[in-house]
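For reference, the structure discussed in these notes is given below.
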Amino acid sequence: MMKAIKAPRGTRDILPPDTALWNFVEAAVRDVFRAYNFQEIRTPIFESTELFARGVGEETDIVSKEMFTWEDRGRAESDKGQSLTLRPEATAGIVRAYIEHKMWDRGLNKFFCIGPMFRRERPQKGRYRQFYQIDAEVIGPASSGSDLPARDAEILEMLATLLHRLGITHWNLELNSVGSSQERVKFNEALRVALEPVKDKMCVDCQRRAVTNPLRVLDCKVPEDQPIIDKLPRITDFLEDESRKHFDAVQNILTKVGVPFSINTRLVRGLDYYTRTAFEFTHGALGAQNAILGGGRYDGLSEALGGPAAPGIGFAIGEDRLILSLQEKTPAEAVVRRPGVYVAPMAGMNADAAQLARELRRHDLVVELGDENFRLKKSFEAADKAGAKYILIVGENEVKADAFALKNLATGEQVQIGRAELAAWLKARIVP
RNA sequence: GUGGGAGUAGCUCAACUGGCAGAGCAUCGGACUGUGGCUCCGACGGUUGCGGGUUCGAUUCCCGUCUCCCACCCCA
């Protein structure tokens with residue numbers, strides 16, 4: 001035998017019945033998002049490498065060491081050597097599409113997108129090289145209201161609704177404002193200055209961060225560093241009136257609509273493009289990967305990508321993690337749709353059985369069809385295994401009488417139903 | 001990328017200081033040719049993740065490698 005080929009590192013197959021759980025989540029997402037007037041957008045799974053370099057930020061870990069990048073080998077001179085990258089996140093591609101299709105003419109755009117993302121990280125539970133994100137973005141010219149706090153609050157409230165709908169409790173919403181890009185530059189500088197005299201007393205990681213990305217020092221979890229971090233400047237002190245008012249307004253709305261949150265002035269996010277509102281929903285029982293979703297405002301991203309000013313806010317839900325946290329309460333078996341009827345033909349009755357199955361399926365019943373070569377006993381076993389609620393026996397007597405034996409597999413109750421009434425009879429007794 | 005743990009039948013796991021690789025469940029068949037679940041009997045199923053080394057002999061010891069898991073890192 002040839003050497004078995006396995007799924008590449010960090011990828012996995014999602015099999016039934018788990019796929020039913022994925023569909024359950026995605027159906028809930030589509031349903032909830034529709035109520036908030038979000039519409040689906042689908043963008044390519046690979047893009048020009050430059051898009052992510054400019055959009056996500058050259059200095060981020062994502063861009064500097066985690067992207068799947070290759071050089072396209074085009075035949076035409078013009079595409080030779082074009083560098084392409086599997087998308088590591090969704091926002092950059094969506095903003096690129098916004099610019100490319102000049103969608104500012106449409107006013108306020110509310111998009112969502114579900115699909116795989118790719119990052120070359122070391123795999124762990126809830127962390128894969130191909131992982132799935134549910135992404136939503138609100139973007140448009142400022143005249144459309146895209147920069148207003150009501151949009152931030154609406155998105156957060158929508159997320160709370162979605163989690164509630166999925167039956168996920170015990171989440172925690174952490175909220176912060178990271179300021180405008182100008183405010184952040186000042187804050188960064190202040191941090192660098194404040195860290196200079198104390199960084200030698202900190203952990204090795206912080207010593208490195210103090211130079212490369214001071215904001216990340218705030219994220220440090222080493223207990224010994226906490227007293228030092230507590231004395232560092234806070235972003236709140238660098239927010240000017242407009243940013244502060246914006247942040248206050250978001251909080252006011254959330255309080256009014258009853259979405260609980262906590263302020264975490266140390267919350268920073270890994271992508272360079274975030275401005276003002278930044279947030280994260282966490283959930284216990286996910287180990288170190290406790291961030292179930294995260295997002296924020298990115299008022300300058302469109303311009304960084306060569307587009308017009310287009311404030312925006314969005315988030316990404318880690319679908320893999322969402323499903324991990326869901327599985328504790330809702331096993332996939334609970335949402336998988338089992339057959340309502342198993343049609344069991346006796347010897348020579350395949351054609352009649354197929355005809356019956358066709359009729360029932362046209363009435364939107366889930367039907368599994370057996371085979372005339374199966375002995376009845378085997379048909380019963382197959383019906384059980386398929387999880388069917390009823391078994392329909394198609395034998396010579398039944399075909400002659402045009403009425404069929406229908407047995408409830410759980411109760412053992414058996415009745416004889418005429419062909420014309422079959423579908424209606426079953427539909428009345430099978431909950432979809 | 002760093003450190004640690006684990007990999008044995010489809011699944012969950014055994015196999016004593018190195019000595020014939022096993023059980024339960026699942027699958028298939030029979031008891032049972034138009035009525036299942038229970039029971040009984042039988043069968044199938046493995047180069048012990050892969051490659052090398054030590055040894056008369058390796059699932060067991062050593063080295064390498066792959067994958068998963070845990071913690072960092074990072075993030076969803």
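For clarity, every value in this text was computed on a predicted model and none was experimentally measured. Letters go in sequence order (proteins before strands), and every chain restarts at 1.
Of the possible donor and acceptor atoms, one in the side chain of Asn23(A) sits under 3.5 Å from a partner among the backbone N and O of Thr19(A).
Judged by distance alone, with hydrogens and angles left aside, Glu398(A) brings a side-chain donor or acceptor within reach of the base of G34(B), the pair sitting under 3.5 Å. With hydrogens and angles ignored, no donor-acceptor pair under 3.5 angstrom links the side chain of Arg120(A) to the base of C74(B). For C69(B), the base has no donor-acceptor partner in the side chain of Arg127(A) [N/O atoms by modelled type, under 3.5 angstrom]. Contact annotation: side chain of Arg119(A) to base of C74(B), donor-acceptor pair absent below 3.5 Å.
Screening Asn290(A), Thr169(A), Ile292(A), Leu163(A) for a side-chain contact (heavy atoms from CB on, under 4.5 Å) involving Ser325(A) leaves a single residue, Ile292(A).
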Original post:
Can you give the dot-bracket line for RNA chain B, using ( ) for pairs inside the strand, [ ] for pairs that cross earlier ones, | for pairs with another strand and . for unpaired bases, where Watson-Crick and G-U count if both distances are under 3.5 Å?
Top reply: (((((((..((((.....[..)))).(((((.......))))).....(((((..]....))))))))))))....
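Glu381(A) has no carboxylate O lying under 4.0 Å from a charged side-chain N of Lys378(A), or vice versa, which leaves the two without a salt bridge. Ionic pairing of Arg266(A) and Asp230(A) is present here: one or more N-O contacts between side-chain nitrogen and carboxylate oxygen are shorter than 4.0 angstrom. With respect to the salt-bridge test (charged N to carboxylate O, under 4.0 angstrom), the residues Arg12(A) and Asp320(A) qualify.
The residue Leu376(A) sits close to a base: some heavy atom pair falls under 4.0 Å. Heavy atoms of Leu409(A) sit under 4.0 angstrom from at least one base atom. As judged by a 4.0 angstrom heavy-atom cut-off over every strand, Asn397(A) is placed among the base-contacting residues. Among the protein residues, Gly412(A) comes within range of the nucleic acid bases, having at least one heavy atom under 4.0 Å from a base atom. Within the 4.0 angstrom heavy-atom criterion, no nucleotide atom of any strand lies near Lys65(A). Among the heavy atoms of the strands lying under 4.0 Å from Gln414(A) is at least one base atom, whether or not backbone atoms are also near. Using a 4.0 Å heavy-atom distance criterion, Glu381(A) is classed as a sugar-phosphate-only contact. Glu280(A) comes within 4.0 angstrom of no nucleic acid atom, judged by non-hydrogen atoms across all strands.
For C28(B), neither phosphate oxygen OP1 nor OP2 lies less than 4.0 angstrom from any side-chain nitrogen or oxygen of Lys378(A). Phosphate contact (OP1/OP2 of U33(B), side-chain N/O of Arg375(A), threshold under 4.0 Å): present. Checking the phosphate oxygens (OP1, OP2) of C28(B), a side-chain nitrogen or oxygen of Lys385(A) falls inside 4.0 Å.
Distance CD1 (Ile134(A)) to P (C75(B)): 21 Å, rounded to an integer number of Å. The nearest whole Å value for the distance from the CZ atom in Arg129(A) to the P atom in C66(B) is 11 Å. Between the CG atom of Asp61(A) and the P atom of U2(B) there is a distance of 15 Å, rounded to whole Å. In this structure, OH of Tyr128(A) is placed 12 Å from C1' of A76(B), rounded to the nearest angstrom. In this structure, Tyr342(A) atom OH and G37(B) atom P are separated by 15 Å, rounded to whole Å. Taking atom CZ of residue Phe374(A) and atom C1' of nucleotide G34(B), one finds them 16 Å apart after rounding to whole Å. A straight line from NZ of Lys389(A) to P of G37(B) spans 21 Å, rounded to a whole angstrom. Look at CG on Asp384(A): it is 11 Å from P on U27(B), rounded to the nearest Å.
When the P atom is used for both U47(B) and A21(B), the distance is 14 Å, rounded to whole Å. The separation of C50(B) from C68(B), taken at their C1' atoms, amounts to 15 Å, rounded to a whole angstrom. A distance of about 8 Å separates the C1' atoms of G18(B) and G57(B), rounded to the whole Å. G49(B) sits 9 Å from U59(B) when the P atoms are compared, rounded to a whole Å. A distance of about 44 Å separates the P atoms of G5(B) and G42(B), rounded to the whole Å. Distance check on atom P: U60(B) versus U48(B) gives 10 Å, rounded to whole Å. Spacing between U54(B) and C62(B) at atom C1', rounded to whole Å, works out to 7 Å. Nucleotides G7(B) and C44(B) place their P atoms 28 Å apart, quoted to the nearest Å.
Between the CE atom in Met202(A) and the CD atom in Gln207(A) there is a gap of 8.5 Å [rounded to 0.5 Å].
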Produce the list of close N/O pairs, under 3.5 Å, pairing protein atoms with atoms of nucleotides 3-13 of chain B; give distances to one decimal.
residue	atom	partner	partner atom	Å
G3(B)	O6	Arg122(A)	NH2	2.8

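Ring-centre distance between Phe404(A) and Trp425(A): not below the 6.0 Å cut-off. Taking the centre of each ring, Phe112(A) and Phe33(A) come in below the 6.0 Å mark.
The number of heavy-atom neighbours closer than 6.0 Å to OH of Tyr36(A), taken from other residues, nucleotides and ligands shown, is above 12. Taking a 6.0 Å sphere around CZ of Arg42(A), one finds it holds 12 or fewer heavy atoms contributed by other residues, nucleotides or ligands. Heavy atoms from other residues, nucleotides or ligands lying under 6.0 Å from CZ of Arg192(A) number more than 12.
Lys389(A) is not listed as a side-chain neighbour of Leu426(A), based on a closest heavy-atom distance of 4.5 Å or more.
Residue order along RNA chain B, read from the 5' end via each residue's closest nucleotide, puts Arg9(A) first among Arg9(A) and Leu293(A). Projected onto RNA chain B by closest heavy-atom contact, Tyr132(A) and Glu413(A) fall at different nucleotides, the more 5' of which corresponds to Glu413(A).
Considering only the side chain of Pro123(A), C69(B) comes nearest among C69(B), C70(B), U35(B). Listed candidates were G34(B), A76(B), C32(B). Nearest to the side chain of Phe131(A) is A76(B).
Nearest heavy-atom pair, Lys201(A) versus Asp225(A), reported as atom, atom and distance to 0.1 Å: O-OD1, 4.2 Å.
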